[in-house]
K.L.:
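Right, I'll just put the structure down here and ask away after.
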Amino acid sequence: MFRSNLFPLRTTVGSAIAITEVRVVGKSPEAEDLDPVIELRTQLDEIIEDPMYAQLLPSTIRVGSTDYHPISDVATMPKPVDLPFAPAPFVSLFALGHGTAPDDEIARRVWYEFELQLDQENNDPVGGICYGGYPFLPYYVTSGGENSANFGLPREFQLLWGSDSTDDFVDSQHMLTNEEPTSHSGTHLLCTGPICTQRLRLRISHLPRLAMGVSSNQIDERWGFAIPYLFVFKYCEGTRYRARVPGGVLCALQVPSGPADPYLPLPLHLSLHPSPAPADSVDLSSVCCDAIVRDTSTHQFVHLSAASLFGQRRPIAFGGSETFVLKVRNNEQVRLFIEQAEENNRSIAGLRFRYPGGASSLGKRFRVEVYEVDPPEGVSPISTDPDWKKSKYLLRLFDGETTIPATEPWKLCFVRGSLARYFLVVFTYLDHDSGVLAIEDLQITQSTRVIVAPRPSRTQTLKTMHFRVMGQELASDYARIGGGDFSLSIEHWVGGQRKDALFSATSLLDLLRLGSARLYSNHRTWGIETETALTEKGSYSVQDSLGRTDGWQRTEAGDDLPNPFPLPDPSSDSDPMMSLAQPDSRGFTTLGWQESRNHTENIAPGSDNFGPDAQELQDLLKPFGFPTLFSPPLALYAIHPDVGLQSGDDAWWAPWGKNAPTDAFKDRLNVTGVNHANIPPYYIYAWKQLQKMGQDFTAWLQDPNKNPSLFDDFVQDYLQWYFQMGPFFLVGGMSIGANIGGSVGVSGGLSCSASIGIPSFLQSSATGSSGSIALQASQTGYSYAQHVNAGFSSGRSRTDFQEGLMIRKVKRDPDYDVGERRLGAEVAWQGQPVDIVTGSIQLGAQLPATASNIYKTSDERIEVRFGGAIGASLAVDVWFEVIEELVKDDY
Amino acid sequence: MIIDESSLSGLAAYLTDEHSNTNLASSITARWPPFGQQVGEGKLADIRGLSLHLQVSDIESLWGLPSSSPSPPWLLSLRIVKEMFPGLYADPYANRVHFIGGFEDFRRGVAENLQVLEVDGIATLVSSDEGDCSWTSAMYKMPDPVRLNAAAWDMASARLAPPDSYHYSLSLETWQGTDPLDGPPSGTTSLTVASSSTPAGTVPGARPDHPRLNQNAFALDNVVAYRVKMTARVRAEAYVREQYSEGNAAALLGFPLIRAITLLEPVAPAHDFYSLHEVTLASNEYKLFDNQDNPPVRFTANLNVAATLTKDEYMELQINVPDMQTIEARLEATLKVRPPVIDRGE
């Protein structure tokens with residue numbers, strides 16, 4: 001696919017999307033009688049064992065005249081080591097067709113089409129599919145550079161998807177086709193870019209030829225395919241920056257001879273080399289050099305595949321895990337064609353080998369060459385050409401010798417970084433005795449830098465380099481880039497010349513120095529702030545409150561209880577108020593003192609309010625013949641100014657406001673004497689006399705000096721009345737008298753009493769004052785109280801501010817889990833707030849294709865260096881606008 | 001590796017005749033690099049101009065077109081032979097290119113078992129699945145009759161592609177002279193060379209590793225219209241990763257085949273000079289030198305010619321100046337050399 005950009009750091013692979021259903025929706029006529037095996041899986045462990053593996057592998061290997069059978073561990077599938085996401089429900093697809101002759105093209109014509117139903121709850125865009133083949137199939141390489149078994153993978157994948165929003169268009173992009181004659185043994189990514197769909201259609205075609213074995217100089221091949229795992233993943237743009245680069249083996253060949261016990265002893269007349277050979281001779285120069293290890297006692301064998309180099313190692317019953325092991329002789333070569341496997345090519349700095357350290361390979365010397373393979377269009381990266389070293393599409397990256405170390409991994413660093421997709425690693429055995437090449441692990445290692453250098457088949461014109469730096473703390477300090485020690489420099493190197501430092505930045509300010517740089521930053525406030533707020537008049541608050549309490553409470557006080565507050569250290573700067581939390585010299589005790597004073601003012605009865613009571617008494621006595629006793633009644637008059645019945649604003653009830661008593665009410669505040677009357681019904685006449693005596697006595701009492709004769713009249717009448725009524729009162733018992741006394745004021749009384757049945761009358765009054773003083777003191781040395789409380793309260797309060805000042809500390813933390821964002825200046829990336837700096841640098845460099853006839857130099861490169869680490873807190877991406885021109889003069 | 005650049009100087013900068021003479025007064029043809037030599041692999045000559053020095057007794061007569069029609073009619077003819085298309089060497093200043101390619105040309109033709117798809121950013125005829133396929137272009141009518149004598153075509157795959165991955169043939173169907181354009185073509189010229197290993201029953205023609213040009217094997221005059229026809233049989237897959245619309249994806253993909261067909265029509269060379277006046281028009285600078293009281297006999301000019309010559313390319317000067325005492329042609333050029341890198345043990 002034509003690309004005008006290089007993305008050495010970018011990835012678009014997100015998390016996996018569950019596949020919920022898979023069904024066959026079409027197949028070619030050649031496959032009409034064969035349904036594929038579809039296994040929906042939920043755990044990655046489920047792919048380890050499957051009965052299909054044993055059917056895909058040769059069931060018998062003949063060495064001499066003895067047949068050997070594989071041990072059970074051979075037909076297993078280790079979990080892939082380079083899955084870029086956590087597994088979600090996925091699918092395994094298999095098919096094993098009929099036999100096919102070498103020149104039969106049925107395998108090319110067969111195709112299947114599947115429909116993949118994705119998780120309905122997924123709303124994220126789909127980014128593509130991730131799949132892998134079965135890496136342990138024997139194969140040979142055709143003259144066209146095809147891996148015959150292709151690790152079980154079809155050579156053509158078509159991915160189709162629908163979209164409701166674009167169905168009405170006739171030229172919308174709905175299909176991605178990937179066709180390659182040779183696939184690698186690792187994990188494949190087929191990236192579509194962001195597409196919104198919940199259903200995919202997958203069409204696979206051009207199936208590989210699976211070698212079941214060789215018998216009678218005939219190779220037994222069947223068409224079929226094996227995809228033990230196929231995931232669908234989300235589109236999620238990110239940066240990939242770590243040492244290990246996923247990869248896979250395209251093929252492994254050993255020349256000029258092959259392993260002593262080959263896995264696939266291909267008859268030479270079936271191979272594609274033109275040299276004539278006897279029909280029973282075996283040619284292994286184009287056959288996988290995987291060897292087998294035999295157990296002659298059990299007639300079982302183990303297959304040691306080159307595909308295990310990238311981490312998918314099967315357990316071996318003979319001990320340990322699978323390791324690529326080959327017997328070699330002097331000057332024999334082992335060629336490994338490998339491929340980096342991510343969706344964008346990474347800058348590769350070298351390789352890392354780990355040897356098993358066995359005695360047979362320890363100390364053996366090998367020449368190791370590594371080439372960048374950059375074939376032109378339509379050409380396989382695998383070549384079995386004897387003159388392969390003369391190919392213009394190879395570029396040597398390393399040439400050196402190594403002696404197999406005991407335990408330490410061997411790191412191989414290229415002469416320069418390479419963005420190539422394919423590499424050729426050649427081991428040439430240098431010792432003269434027979435030896436063993438044993439490699440346990442091979443790792444393609446990413447460069448810490450991004451390096452764009454000339455490649456063999458394409459002239460590259462680098463127009464512009466873009467960069468993007470993202471991090472949550474990126475814009476927190478302009479003196480740094482992110483929170484760490486990150487720096488960025490871009491250099492143009494040309495052999496023999498001083499490098500041209502195009503740009504370098506060690507701080508955010510440096511990055512923004514570029515005219516094209518843009519900073520997208522979130523606003524920042526200090527996490528803890530001192531806030532001073534002046535509340536002005538007019539502010540108010542309305543508060544509703546509801547409260548309910550249920551509980552119990554216990555209080556205990558006493559000197560012997562433990563003190564929860566330690567004594568403050570006088571030398572410290574502790575809060576001085578803490579001293580109040582300490583008991584004083586009195587200890588924990590309750591002290592009380594109380595003084596109560598009472599003062600009583602006695603008021604003489606007034607003449608004007610005595611009337612109603614007298615009238616009532618008169619009315620009461622009237623039925624019994626009593627005469628009118630008091631007329632007119634006595635009025636009340638003030639005795640003390642403080643209780644005077646003043647009127648006006650300064651009256652003592654003025655604070656009552658509009659509820660002040662009316663004048664009528666004021667007049668009701670009377671002090672009256674208390675009258676008591678007891679009247680017998682048969683003394684009406686006598687009572688009239690007594691009434692006259694009372695009137696005289698009362699008149700005299702009110703003003704003794706005015707009518708002194710009244711008292712004489714009273715005495716005369718009394719004596720007369722006494723002798724007339726005496727016999728009656730003596731029977732019932734009666735006394736009548738008057739008294740006059742005084743202390744501070746004057747008091748007097750008239751009394752008349754008789755026995756039961758004889759009316760009696762009593763009126764009493766007092767003037768002057770009396771008082772009392774009570775002093776009270778208490779001390780509680782210990783108290784204990786325990787309460788059970790239940791309560792409910794409801795209230796509303798309103799506070800009106802006249803003026804106020806509040807000083808407070810405020811801490812503000814966004815709650816990302818809630819996800820509620822305030823509208824405003826905010827920059828987010830994939831749901832997280834980050835700061836982003838982007839920029840562009842004009843390059844204008846032309847990197848010639850080394851396969852062209854003439855060019856200035858191949859020792860030229862653009863190099864982006866990253867000082868410090870790119871970590872989880874800082875994502876850095878650089879990409880190049882490039883024009884590639886294929887070198888067509890390949891003849 | 002440090003690459004040296006140097007100005008072409010000394011005698012090596014002069015065009016020479018087949019006897020290595022730098023004075024071309026008695027010569028008909030001169031070349032750079034000299035006859036029998038090549039620019040060579042790893043070398044590049046970046047030519048900025050050509051300095052001419054002429055000494056002619058009657059230089060006045062050369063200023064205008066000759067009254068008669070000499071043969072050849074020009075005074076000087078400069079040929080720059082470059083690799084215009086892979087393997088096809090011709091003078092780009094003396095040939096007009098007919099280009100047939102792109103989505104519109106391909107879609108206006110009639111295709112069978114072929115799709116027009118974008119492959120690596122270029123419109124390409126791609127076989128649908130395997131088997132036979134064909135494509136016939138629209139008929140292109142020329143405003144004036146033309147002569148066609150060379151053809152080259154661009155295939156999507158390199159020549160290193162598997163030889164048996166596909167076989168194909170290209171032919172040019174022409175209407176010439178007064179042929180009725182609504183009738184069948186009067187001539188069919190095969191552009192591809194038949195393969196000796198063409199499988200029986202397959203389309204005869206070329207394989208991926210065969211040359212993709214036809215030069216000097218045909219010459220069609222008075223062509224008033226033409227069309228191109230391609231047939232192919234595909235037996236393999238190529239490396240293709242493309243995103244297509246659903247309408248184009250009815251069938252499986254086979255092999256990306258042809259991207260363009262170019263036909264060469266010879267035209268009047270841009271560097272044929274019929275008089276000194278034309279030379280001065282094409283020069284940055286010119287001078288006439290004379291002796292006292294005598295007409296000028298020497299003429300120098302810096303001819304404005306730019307060319308980059310690499311392997312197997314050359315510049316040729318043909319001379320037809322009467323009564324000439326001296327003519328020298330010197331290149332103003334920079335020579336770039338990239339010594340081949342030989343790795344250890346190769």
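Chain letters run A, B, ... following the sequence lines, proteins first, then strands; residues in each count from 1.
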K.L.:
Check each atom of A/Thr182 against the heavy atoms of chain B and say whether the ones under 4.5 Å are side chain, backbone, both or neither.
P.N.:
both
K.L.:
Within this structure, what is the CG-CG distance for the pair A/Leu886 and B/Asp120, rounded to the nearest 0.5 Å?
P.N.:
7.0 Å
K.L.:
For A/Ser391, is it the side chain, the backbone, both, or neither that has a heavy atom closer than 4.5 Å to a heavy atom of chain B?
P.N.:
neither
K.L.:
Go through the structure and list residues passing salt bridge (charged side-chain N to carboxylate O under 4.0 Å, His left out) with A/Glu881, not counting sequence neighbours.
P.N.:
none
K.L.:
Using the test side-chain hydrogen bond (donor to acceptor under 3.5 Å, both in side chains), find all partners of A/Gln460 that sit at least two apart in sequence or belong to another chain.
P.N.:
none
K.L.:
Which pair of non-hydrogen atoms, one from A/Val379 and one from B/Ala158, has the smallest distance, and what is that distance?
P.N.:
CG2-CB, 3.8 Å
